[in-house]
Amino acid sequence: MKEIIVKVAKKEELTKKDQTFMQALGIADDTNPLQRIVYDAMLLSMDGESSRVKEHYKGPVTPTMSSRNELLQKMQMETFSKIIYGESSIDAFDKFVEKWKSSGGDTITNEVNEWYDSVK
């Protein structure tokens with residue numbers, strides 16, 4: 001079923017079988033402007049899931065992570081989203097990096113490296 005909804009959201013051609021399945025379940029097509037908004041939001045959400053930055057660090061939470069990680073992650077997502085959607089230029093990335101480092105990023109990096117050195 002998800003595949004059919006994705007086809008509708010991407011405005012791909014549906015087979016007769018797909019159309020029959022949608023009708024049987026009472027799923028609307030995209031001719032209704034409000035339904036189109038729902039499909040567009042679904043696509044954005046799916047893209048967001050696949051674009052999340054994976055966290056590879058599996059060690060203990062460092063002191064600075066406890067106090068600053070939420071802020072740093074929020075800064076990151078806001079900056080990346082603004083760049084992706086054209087609200088900021090690519091130069092905003094360099095400013096983000098400077099701010100991220102001075103807001104605790106460098107400290108977290110040092111704490112993680114110290115932890116790694118202690119367990120290798």
**Q** Is the distance between the ring centroids of Phe96 and Phe80 under 6.0 Å?
**A** yes
**Q** Are Asp18 and Thr15 close enough that a side-chain donor and a side-chain acceptor fall under 3.5 Å?
**A** yes
**Q** Rounded to the nearest 0.5 Å, what separates atom CG in Leu72 from atom CD1 in Ile108?
**A** 5.0 Å
**Q** For the pair Tyr57 (side chain) and Pro60 (backbone), establish whether a donor and an acceptor sit closer than 3.5 Å, ignoring hydrogens and angles.
**A** yes
**Q** If you count the non-hydrogen atoms of other residues, nucleotides and ligands that lie under 6.0 Å from CD in Glu70, is the total more than 12?
**A** no
**Q** List the steps and the verdict of side-chain contact (heavy atoms from CB on, under 4.5 Å) for Trp115 and Glu111.
**A** CA-CA 6 Å; Trp115 170 83; Glu111 291 170 347; over 6 Å; no
**Q** Drop me the distance from Gln73's CD to Met65's CE, to the nearest 0.5 angstrom.
**A** 9.5 Å
**Q** Find the distance between OG1 (Thr79) and NZ (Lys95) and round it off to the nearest 0.5 Å.
**A** 11.0 Å
**Q** Tell me, with the steps shown, if Ile83 and Phe93 meet side-chain contact (heavy atoms from CB on, under 4.5 Å).
**A** CA-CA 8 Å; Ile83 291 170; Phe93 179 77; 4.0 Å; yes
**Q** For Arg68 and Ser103, indicate whether the former's side chain and the latter's backbone hold a donor-acceptor pair under 3.5 Å.
**A** yes
**Q** Can a donor-acceptor pair be found, under 3.5 Å and without considering hydrogens, that links the side chain of Ser81 to the backbone of Glu78?
**A** no
